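Please read the structure below before turning to the comments.
Just so you know, these numbers use all the heavy atoms, side chains as well, and skip hydrogens, waters and symmetry mates. Source: prediction; values computed, not measured. Here is the naming used below: chain letters follow the sequence lines, and residue numbers restart at 1 for every chain.
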Amino acid sequence: MMRNTDGKNKMPEAPEKTGFSRSYKRLFRNFVILTVVCSLIPLLIVGWIINRHFSEFAKERMVKAFEERVDYHRQTIELFLRERSDKLRMMASTHSKSYLSNPDNLKYVYDMFNLKSPDITDLGVIDSDGAHLAYVGPYELLDKNYAQAEWFARVMKKGLYISDMFMGFRKKPHFIIAVTRSENGSQWILRATINTDYFRSLVEDVKIGQTGEVYLVNKDGVFQTDPRGVPDIMDKTSASLGPVREGVAVSIYNKNDPQSGFSNEIVATAWLENPRWMLVVKQDYGEAFAEVTHANQASLLVLLISALTILVATVLIARLMIRMIQKRDVQAENLNKQLMQTGKMASIGELSAGVAHEINNPIAIIQTERQILLDYYKRQKPLESEEFKAQLLDSLDQINIQAHRCKRITQNLLRFSRRTHSMIETMDLNQFIREVIDLMEREARTSGIKFFPELEDGLPPVESDPSQLQQVFLNLITNAIDAHEGKSYGSVNISTRTDDSGNGVHISVADTGTGIAREHLDNIFDPFFTTKPVGKGTGLGLSICYSIIKHLGGDIIVSSRVGEGTEFRLFLPYKMPASGGEGAHQSDDNHMMKKAI
Amino acid sequence: MIKRKVLLVDDEVVFTKNMSKLLTDREYRVTAVNSGDAAISALEQEDFDVVVLDLKMPGMDGITTLREIKKLGLFTETLILTGHGSIDTALEAVKIGAYDYLTKPCEVDELIEKIDGAQIKKDSTEQQDLEGKIKRVVESPSAAFDLFDKKKKK
């Protein structure tokens, strides 16, 4: 405890109290932090890791599915081209040049070709010099000679050739399939132009979300179909295609990838076998992984909700616990206070027993001295001076008064240390209180005080110590009367009431006196504490009451309002506890008593 | 009037001195000693009517002194005068055989009252004892020899 040594800490309790609540705040914070560290952080880490793994896994599956789809599409395109090539080759093999050179026959074959779907735009028979022998189709190409055309050289060399997109004589992007046949030592060519629109629809009309796009580029990076947006068919892409390879390659591009020209997209590429075109399928990244992202967000939301729940629960539990701890602390503090009070009483009791014994001897001597003087005075009458005589008598009286006062103090001290013989009797408390009131009535009347007893009828008898209780009530009532100092009249209300639980009796002694200042209430039961002027009170009355009531297994509390009055509330059990109220102290006393004798 | 003989036992020298004076002035013959041992030897040498005994003394304390006095088998009554106002200690003393107790400080008149009470009790016990002896002697004269023997022993 801090003391007012420098005068700064006028109220020593104030800083202590804030320190108290600060320590609870710290405890609360520590508890919350500890719980969060031990539960929330692992949860978040594990959640995050699982989430990562799950998204990777899901993405992998998505990519795989994408890849398979692209591969399938590539096969579809390849199959289309192969079928048309085979068909063309079969036509050339099964029909002679002379037959096909007849425009009607060629028209028939052309119709047969396009019987199921508009596969080809035109069909032509070309001799080994590059001249058109026959032509069926929408363009005027019969007079054209292809000796200089790139495809002509290639087909003459390979026997089967599928060209890249080119403009040709018709000045429109198209590609052809040409096959050669040797007949009677000379070669001729059957050439078909694939229906560009039909082929494009075959390639491009694949439903891949809203943003999906499919196109073909040749080895040189020239678009073989018409992609959406700025580049058109036959334009050249700026991006490098990389080497030709087997299978499907899937790449994910970040925003505005400078090398590839893709932006935030998933792109799958696959090379066709013949012709060496690259199938490109791309989709907006966000759309492609929308489901993964969604699942991701959902799981993160669940994680967040769990974390929040834990946090809220932690805070609530911590608050609850702190409140419980606080409550326990208050109880412990109260117990501690009681213990201190009891300890103080015990030690002062010990001290006072010694003091009482020692003080009695000098007092005894004072009294014998006085008696001797008195004897001399009475017998011999040696003093002729009236004034001296009066003074001597006065002094002798004073010796007597002071000696009696000392005796009273020591008796009180001894009583305080409970060195009195206890006689437990069955007593009618109401009757007992009435007797005490009778005893005090005269003194009260001279002070203008009236008694108002409110004693409950049919109060069960109490087993207690009448002599000690008498002292308690005399003390309390004397105090109640003294509390009216400065007031010309007042009242003292004394009431009894059975305890609701049936364990004992509640007694209240309430006065209309000046009351007790708040700062004195804590010390009111302390020995030697008094607010009465010097010589009026010993400061032992209430501490004696306290120790007696505790000894009898009861309780005493005080409440007071300055200017309005004070109330002492007592509780007395019907039966004294077997060990006595404070058995430990009793045996202490016995021990001490033996020492003292 | 026969002066009653009082033995005052207290370690407080001033107190015994003063009390001796007061009692002497009130027609008592007082011997004052300041320890239990001195009290026993005084009792062995001389007959006293009443012993006024303090309980708390250095050396042999009051209770022990009382036991020793009782061992002497005298008619002398013992009055406990103590600064220690405990009824338990006094009751113990009374149980052992003290006549009564008085707490210090006390008025000389109170003490005298008690001393007189003790005196009366002592006288009556002595009287009873004497009557008993006479009765025994009357009933069987040979018992008189015992009496003389006892007297001799004493």
Side-chain angles (χ1 to χ4, degrees), chain A residues 349 352-380 396 399-423 465 467-468 586-587 589-597, chain B residues 8 10-28 30 32 34 36 52-67 80-96 98 101-112:
Chain A
S352 55
V355 169
H357 183 81
E358 291 309 319
I359 215 167
N360 276 335
N361 282 320
I363 292 166
I365 295 168
I366 291 174
Q367 274 193 322
T368 54
E369 292 285 359
R370 170 187 167 271
Q371 195 62 53
I372 289 164
L373 284 176
L374 208 61
D375 285 358
Y376 267 109
Y377 177 76
K378 278 179 186 163
R379 243 179 293 126
Q380 298 171 358
L396 292 176
I399 290 175
N400 194 29
I401 289 166
Q402 294 305 323
H404 275 290
R405 191 175 148 201
C406 283
K407 188 177 176 178
R408 202 171 66 237
I409 294 170
T410 55
Q411 273 173 349
N412 275 345
L413 272 171
L414 286 169
R415 216 172 285 145
F416 169 76
S417 64
R418 294 189 293 277
R419 276 155 201 286
T420 42
H421 196 67
S422 225
M423 294 282 283
D465 184 338
S467 70
Q468 291 197 333
Q586 243 181 349
S587 62
D589 287 349
N590 289 336
H591 175 67
M592 216 171 56
M593 218 182 305
K594 276 171 195 148
K595 258 195 336 199
I597 299 161
Chain B
L8 204 55
D10 199 313
D11 59 322
E12 287 276 342
V13 181
V14 184
F15 178 78
T16 49
K17 195 191 95 195
N18 286 355
M19 199 46 95
S20 304
K21 188 164 176 52
L22 289 170
L23 291 175
T24 311
D25 290 347
R26 285 163 178 73
E27 306 296 318
Y28 290 90
V30 184
N34 299 110
V52 178
L53 180 64
D54 184 24
L55 280 182
K56 195 189 172 199
M57 287 183 294
M60 196 194 285
D61 69 15
I63 294 285
T64 319
T65 310
L66 180 64
R67 287 188 213 275
I80 302 294
L81 179 62
T82 178
H84 206 288
S86 162
I87 202 166
D88 295 316
T89 327
L91 280 175
E92 195 187 339
V94 172
K95 233 183 264 172
I96 292 169
Y101 73 97
L102 206 59
T103 53
K104 260 200 264 181
C106 67
E107 298 287 340
V108 70
D109 294 340
E110 281 179 76
L111 182 62
I112 283 172

Open item on the list: If the threshold is 4.0 Å, N to carboxylate O, is there a salt bridge linking D375(A) and R26(B)?
Closed with: yes

Open item on the list: Using the salt bridge (charged side-chain N to carboxylate O under 4.0 Å, His left out) criterion, which residues pair with E110(B)? Sequence neighbours excluded.
Closed with: none

TODO: Applying side chain to side chain contact (heavy atoms under 4.5 Å, CB included), run through E107(B) and R370(A) and close with a yes or a no.
DONE: CA-CA 10 Å; E107(B) 298 287 340; R370(A) 170 187 167 271; 3.8 Å; yes

- [ ] Measure the shortest side-chain to side-chain distance between E369(A) and V14(B) over non-hydrogen atoms and say whether it is less than 4.5 angstrom.
- [x] yes

Open item on the list: Using side-chain heavy atoms (C-beta onward) and a distance below 4.5 Å, is K104(B) in contact with I363(A)?
Closed with: no

Open item on the list: To check you understand the geometry: which heavy-atom pair defines the closest contact between Q367(A) and P105(B), and what is its length?
Closed with: OE1-CB, 3.0 Å

Task: For T368(A), all residues meeting side-chain hydrogen bond (donor to acceptor under 3.5 Å, both in side chains), sequence neighbours excluded - done: N18(B)

Open item on the list: What's the separation between atom CE in M19(B) and atom CD1 in I372(A), rounded to the nearest 0.5 Å?
Closed with: 8.5 Å

